[in-house]
Amino acid sequence: MDILKYLKTNAKRIDDNLDKYLPPEDEYPDIIHKAMRYSAINGGKRIRPILCLAACETVGGKKEDALMVACAIELIHAYSLIHDDLPAMDNDDFRRGKPSCHKKYGEAIAILTGDALLTHAFYLFSKGKNPEQNNKILEEISYAISTFGMIGGQVVDMLSENKLPDAPVLQYIHTHKTGALICASVKAGCILGGGGEKELDALTKYGELIGLAFQIVDDIIEIEGEKGKMRNSDIEQSKLTYPAVYGIAESKQRASRLVTKATILLDEFWGKNTPLYQLTELIGNRGY
Ligand code: GRG
């Protein structure tokens with residue numbers, strides 16, 4: 001299978017469906033609907049929703065059954081980026097090569113746009129056809145983005161700026177700020193695909209490994225650079241990162257070990273011939 005084609009096709013599928021699920025941009029009060037679309041559609045790798053679709057397929061489900069939840073997860077990700085870019089947080093003027101939401105629409109609208117995307121995501125979760133699955137997904141996602149997950153990670157991240165390198169704190173930040181939503185995306189796909197308890201356990205472990213690997217690779221890219229990336233560097237902001245604690249070479253080794261563990265786990269359960277397996281190798285290399 002051509003994994004790059006898989007990524008491209010599914011990213012387009014996510015974009016098309018975001019277009020369908022978001023309020024029309026000329027709907028009153030149009031400024032907020034324009035800002036929601038500006039921040040959520042076009043640009044972005046769509047890695048979380050694609051992981052959700054791929055996990056659904058891995059356990060034998062149909063991608064279509066996970067599409068709305070996958071889009072809702074991308075809206076949550078977009079909300080987190082908008083709020084993260086605000087002057088009170090990372091103060092980034094650009095996101096995905098365009099002015100960040102607050103630069104384009106002003107701070108008040110940007111705060112409301114993040115709130116609106118988060119709210120809209122939960123509206124979409126409520127629309128699922130299977131109440132039992134809906135409840136499980138609501139529980140998984142809301143926990144993953146709560147103060148016990150993404151928000152907790154963001155709080156500790158902010159409090160750790162300009163502090164001495166601290167490995168346990170770094171681990172907390174990465175597994176909570178980034179890892180939790182990635183892991184929940186995989187779990188949601190498994191639930192929607194009808195995965196059993198053992199499959200859910202395996203994919204939870206997998207999600208934890210790949211979520212942490214994703215953030216370590218992001219830390220490395222922040223230093224080594226990636227085309228089109230335009231945000232304040234972690235170094236400028238004295239962020240707690242893997243390279244700051246372990247150096248670049250060991251960070252690469254650690255990311256690679258996590259990816260290897262994740263692929264071994266997938267192989268044991270489903271073999272190598274799944275989109276999720278190939279996606280995992282690609283995330284390790286960020287070859288896209
Ligand atoms: C403000 C509640 C709140 C949370 C913020 C996710 C997050 C927590 C902040 C975003 C800033 C950041 C750099 C987080 C690390 C996670 C990460 C690598 C985000 C970028 O995700 P990608 O690479 O971005 O998937 P695209 O643009 O491809 O969607």
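Atoms within each ligand, like the ligands themselves, are counted from 1 in listed order. All values below were derived from every heavy atom in this structure, side-chain atoms included, with hydrogens, water molecules and symmetry-related copies excluded.
Of the heavy atoms in L81, only side-chain atoms (C-beta onward) come closer than 4.0 Å to ligand 1. Under 4.0 Å from ligand 1, the heavy atoms of H77 that appear belong solely to its side chain. Contacts between D84 and ligand 1, counted as non-hydrogen atom pairs separated by less than 4.0 Å, involve both the backbone and the side chain.
Ion pairing between a basic and an acidic side chain is recognised when a charged N comes within 4.0 Å of a carboxylate O; K34 and E25 show no such pairing. With respect to K129 and D65, no salt bridge is recorded, no charged nitrogen being found less than 4.0 Å from a carboxylate O.
Ligand-side atoms of ligand 1 in range of T178: 15 (C), 16 (C), range being under 4.0 angstrom from any heavy atom. Here is the list of ligand 1 atoms found below 4.0 Å of a heavy atom in D218: 18 (C). Residue H83 has at least one heavy-atom neighbour below 4.0 Å for each of these atoms of ligand 1: 1 (C). If you number the atoms of ligand 1 from 1 as listed, the ones under 4.0 Å from a heavy atom of S80 come out as 1 (C), 4 (C), 5 (C), 6 (C), 7 (C). In the vicinity of G44, heavy-atom distances shorter than 4.0 Å reach the ligand 1 atoms 26 (P), 27 (O), 28 (O), 29 (O). Listed by number with element, the atoms of ligand 1 under 4.0 Å from a non-hydrogen atom of Y79 are 2 (C).
Evaluated by nearest non-hydrogen atom to atom 12 (C) of ligand 1, the leading choice among R96, K177, K239 is K177. Taking all heavy atoms of M89, Q215, K45 into account, the minimum distance to atom 17 (C) of ligand 1 is reached by Q215.
Annotation: side-chain contact (heavy atoms from CB on, under 4.5 Å) contacts of D115 (sequence neighbours excluded): H83, I111, L112. For T178, the side-chain hydrogen bond (donor to acceptor under 3.5 Å, both in side chains) partners at least two apart in sequence or on another chain are Q215.
Aromatic pair H174/Y242: ring centres closer than 6.0 Å.
Remark: side-chain polar atoms of S160 are not paired, donor with acceptor, to backbone N or O of K163 under 3.5 angstrom.
Judged by the 6.0 Å and 45° rule, R254 forms a cation-pi pair with Y246. With a 6.0 Å cutoff to the six-membered ring centre and a 45° limit on the axis angle, K98 counts as a cation-pi contact of Y38.
Note on ligand 1: R48 sits in its first shell, one or more heavy atoms being nearer than 4.0 Å.
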